[in-house]
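Nothing fancy with the numbering, it's 1 onward along the sequence. Because the structure is predicted, anything quoted here is derived from the model rather than measured.
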Amino acid sequence: TSAFLHTLRKDTFEGLASFMYIGTYDINDLLTDKQYGITGQLTHCISYQLNEIDEASAKSLINVLGDKLVFTEDAQDFICTLSGCVPYFIQIICQNCGNYAVEHKRRFIGYPELLEVVKILTGETEIYDDDSSLQRLTINTFEDNQYSANDPIYVQGLVASISYLNRDCDENNVPPHGVAIDELERLWTDYGITNAKYFIGEAIKILKAKKIIEVDDKEIIPTYVIIVDLYRRWCKVEFPDINLALS
């Protein structure tokens with residue numbers, strides 16, 4: 001309530017206390033969206049976005065079980081790519097690798113075993129064993145971190161498009177490539193979307209702010225990649241028909 005927020009502000013200004021509120025992307029709207037009725041109450045808040053950790057810390061998290069579950073070096077590198085070094089996704093991948101290790105009586109996870117797990121999680125490989133703990137991830141795994149139902153529809157259209165334009169990478173076992181705006185414009189125009197450039201630009205702004213995509217500056221022309229590659233692979237299966245995704 002406004003009275004409660006007034007108390008927080010008063011205690012902060014008088015140096016009696018400091019406060020922190022934490023949540024996923026949409027919590028930023030508390031500062032600016034008038035529908036919450038508290039615009040201006042939190043004007044002195046400092047917004048700080050936490051997302052990925054550095055690669056050394058990511059590998060420390062991957063190896064937290066020590067000798068009980070050992071990941072080879074190439075498997076660790078692949079997990080970093082798949083997760084974007086985001087702890088939440090590292091834990092999801094490693095937990096499922098642990099389940100795989102138990103079911104197959106293994107202590108070592110190399111690249112081939114990890115790839116097998118990933119293909120099940122993304123739906124690239126269908127699994128018919130209902131007793132297995134390994135199943136395809138649902139949208140709930142990505143909700144409010146990679147996907148938001150409140151985003152404009154063209155935002156998910158852009159994610160689906162980047163996934164679609166990388167559709168051959170996994171089959172050829174090569175890393176996904178960045179996608180340039182002109183590639184996206186051609187794709188959207190081919191499928192009858194008017195004002196494609198404007199909508200793509202708006203979607204890029206939203207997805208960059210949420211750190212779902214990033215600019216790959218290795219190329220002369222800026223290109224865009226999905227940071228959490230596990231999500232890209234999942235979207236590739238979730239939106240196999242680009243015409244439907246962009247309709």
Trainee: How about NZ on Lys119, more than 12 heavy atoms from neighbouring residues, nucleotides or ligands closer than 6.0 Å, or not?
Mentor: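 Open: at most 12 neighbouring heavy atoms sit under 6.0 Å from NZ of Lys119.
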
Trainee: Could you work out, with side chain to side chain donor-acceptor pair (under 3.5 Å) as the rule, every residue matching Thr72, not counting sequence neighbours?
Mentor: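 Asp74.
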
Trainee: Roughly how far, to the nearest 0.5 Å, is CD1 of Ile79 from NZ of Lys59?
Mentor: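 The NZ atom of Lys59 sits 10.0 Å away from the CD1 atom of Ile79.
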
Trainee: Specify the closest pair of heavy atoms between Ile206 and Pro152, including all atoms of both residues, with the distance to one decimal.
Mentor: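 Answer, listing the atom of Ile206 first, then Pro152: CD1-CD, 4.0 Å.
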
Trainee: Testing the basics here: between Ser163 and Ile226, what is the closest heavy-atom pair and its distance to 0.1 Å?
Mentor: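 Minimum heavy-atom contact is OG-CD1, 3.8 Å.
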
Trainee: State the CD1-NZ distance between Ile162 and Lys236, to the nearest 0.5 angstrom.
Mentor: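 Spacing of CD1 (Ile162) from NZ (Lys236) equals 15.0 Å.
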
Trainee: Spell out, yes or no, whether Ile109 and Leu115 are grouped together once hydrophobic residues are joined by side-chain heavy atoms under 4.5 Å, including indirect joins.
Mentor: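 Per the 4.5 Å side-chain linkage, Ile109 and Leu115 are co-clustered.
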
Trainee: Side-chain heavy atoms nearer than 4.5 Å, only ILVMFWY residues, links allowed to pass through others: does that put Val225 and Val179 together?
Mentor: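 In one cluster: no.
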
Trainee: Got more than 12 heavy atoms from elsewhere within 6.0 Å of CD1, Ile153?
Mentor: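 Atom CD1 in Ile153 is not packed in, count stays at 12 or less.
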
Trainee: Quick check: do Leu61 and Pro87 have side-chain heavy atoms less than 4.5 Å from each other?
Mentor: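 Contact flag for Leu61/Pro87 side chains = yes.
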
Trainee: How far apart are the closest heavy atoms of Ser57 and Ile53, and which atoms are they?
Mentor: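 The answer is C-CD1, 3.7 Å.
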
Trainee: Please list every donor-acceptor pair under 3.5 Å in which a side-chain atom of residues 191-203 meets a protein atom from a residue at least two apart or in another chain.
Mentor:
{"unit_1": "Glu202", "atom_1": "OE2", "unit_2": "Lys205", "atom_2": "NZ", "d": "2.9"}

Trainee: Rounded to the nearest 0.5 Å, what's the gap from CD1 on Ile181 to CD1 on Ile221? Could you check?
Mentor: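 Nearest 0.5 Å value for the CD1-CD1 distance: 10.5 Å.
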
Trainee: Would you mind listing every ring-ring contact (aromatic ring centres under 6.0 Å, His included) that reaches into residues 57-101, with sequence neighbours excluded?
Mentor: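 As it turns out, the ring-ring contact (aromatic ring centres under 6.0 Å, His included) pairs with a partner in residues 57-101, which skip direct neighbours, are Phe78-Tyr111, Phe89-Phe142, Tyr100-His104.
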
Trainee: Main chain of Ala56, side chain of Ser60: is a donor-acceptor contact present, judged purely on distance under 3.5 Å?
Mentor: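 Not at all, since once roles are kept as given, no pair shorter than 3.5 Å links the two residues.
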
Trainee: Would Ile139 and Ile212 show up in the same hydrophobic cluster when neighbours are defined by side-chain heavy atoms closer than 4.5 Å?
Mentor: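 Yes; Ile212 is reachable from Ile139 via cluster members.
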
Trainee: Can Lys210 and Asp151 be said to form a side chain to side chain contact (heavy atoms under 4.5 Å, CB included), step by step?
Mentor: CA-CA 11 Å; Lys210 293 182 175 183; Asp151 283 341; 2.9 Å; yes

Trainee: Using 4.0 Å as the upper bound for N to carboxylate O, is an ion pair formed by Asp182 and Arg186?
Mentor: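 The answer is yes: the pair qualifies as a salt bridge.
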
Trainee: Report whether Leu137 and Ile90 are members of the same hydrophobic cluster (ILVMFWY, side-chain heavy atoms less than 4.5 Å apart, transitive linking).
Mentor: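 Same cluster: Leu137 reaches Ile90 through Ile, Leu, Val, Met, Phe, Trp or Tyr contacts under 4.5 Å.
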
Trainee: Please name the pair of heavy atoms, one in Ala58 and one in Cys85, separated by the smallest distance, quoted to 0.1 Å.
Mentor: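 Minimum heavy-atom contact is CB-SG, 3.8 Å.
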
Trainee: With distance as the sole test, does Arg136 use its side chain to make a donor-acceptor pair with the main-chain N or O of Thr122 at under 3.5 Å?
Mentor: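 Yes, Arg136 side chain to Thr122 backbone: donor-acceptor pair under 3.5 Å.
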
Trainee: Any chance you could measure Thr223, atom OG1, to Glu214, atom CD, to the nearest 0.5 Å?
Mentor: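 The distance works out to 9.5 Å.
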
Trainee: For Glu124, run the salt bridge (charged side-chain N to carboxylate O under 4.0 Å, His left out) check against Arg233, Arg167, Arg232 and tell me which one passes.
Mentor: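 The residue from Arg233, Arg167, Arg232 that satisfies salt bridge (charged side-chain N to carboxylate O under 4.0 Å, His left out) with Glu124 turns out to be Arg233.
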
Trainee: Roughly how far, to the nearest 0.5 Å, is CD1 of Ile120 from CG of Asn96?
Mentor: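 Result: 9.0 Å between the selected atoms.
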
Trainee: We want to know whether Ser133 and Glu103 form a side-chain donor-acceptor pair, criterion being a heavy-atom distance below 3.5 angstrom.
Mentor: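 Yes, a side-chain donor-acceptor pair sits under 3.5 Å.
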
Trainee: Do Ile93 and Val117 come close enough that some side-chain heavy atom pair is under 4.5 Å?
Mentor: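 SC-SC contact between Ile93 and Val117 ruled out.
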
Trainee: Taking all heavy atoms of Leu114 and all of Ala75, pick out the closest pair and write down the distance.
Mentor: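 Heavy-atom minimum between the residues: CD2-O, 3.3 Å.
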
Trainee: Identify every side-chain donor-acceptor pair in residues 239-247 under 3.5 Å, counting partners at least two apart or on other chains, and give the distances.
Mentor:
{"unit_1": "Asp241", "atom_1": "OD1", "unit_2": "Asn243", "atom_2": "N", "d": "3.0"}
{"unit_1": "Asp241", "atom_1": "OD1", "unit_2": "Leu244", "atom_2": "N", "d": "3.3"}
{"unit_1": "Ser247", "atom_1": "OG", "unit_2": "Leu244", "atom_2": "O", "d": "2.7"}

Trainee: A quick test of your reading: do over 12 heavy atoms of other residues, nucleotides or ligands sit less than 6.0 Å from CG of Asp67?
Mentor: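 No - once you tally the heavy atoms of other residues, nucleotides and ligands closer than 6.0 Å, there are 12 at most.
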
Trainee: If the condition is side chain to side chain donor-acceptor pair (under 3.5 Å), which residues does Tyr224 pass it with, not counting sequence neighbours?
Mentor: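 Scan of Tyr224 (side chain to side chain donor-acceptor pair (under 3.5 Å), adjacent residues dropped) gives none.
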
Trainee: Just by distance, do the side chain of Asp170 and the backbone of Asn166 share a donor-acceptor pair under 3.5 Å?
Mentor: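 Answer holds: no.
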
Trainee: Apply side chain to side chain donor-acceptor pair (under 3.5 Å) to Gln156 and list each qualifying residue two or more places apart in sequence or on a separate chain.
Mentor: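 Gln156: side chain to side chain donor-acceptor pair (under 3.5 Å) contacts with Tyr231.
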
Trainee: Examine Val159 and Tyr164 and state if one hydrophobic cluster contains both, with Ile, Leu, Val, Met, Phe, Trp and Tyr joined whenever side-chain heavy atoms are less than 4.5 Å apart.
Mentor: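 Yes, Val159 and Tyr164 fall within the same hydrophobic cluster.
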
Trainee: What's the spacing between Gln146 CD and Ile213 CD1 if we round to 0.5 Å?
Mentor: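 Those atoms lie 11.0 Å apart.
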
Trainee: If you compare all heavy atoms of Leu69 against all heavy atoms of Cys94, which two are closest, and at what distance to 0.1 Å?
Mentor: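 That closest heavy-atom pairing would be CD2-O, 4.3 Å.
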
Trainee: Closer than 3.5 angstrom, by distance alone: can the side chain of Asn172 be matched with the main-chain N or O of Val174 as a donor-acceptor pair?
Mentor: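 No; zero donor-acceptor contacts below 3.5 Å.
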
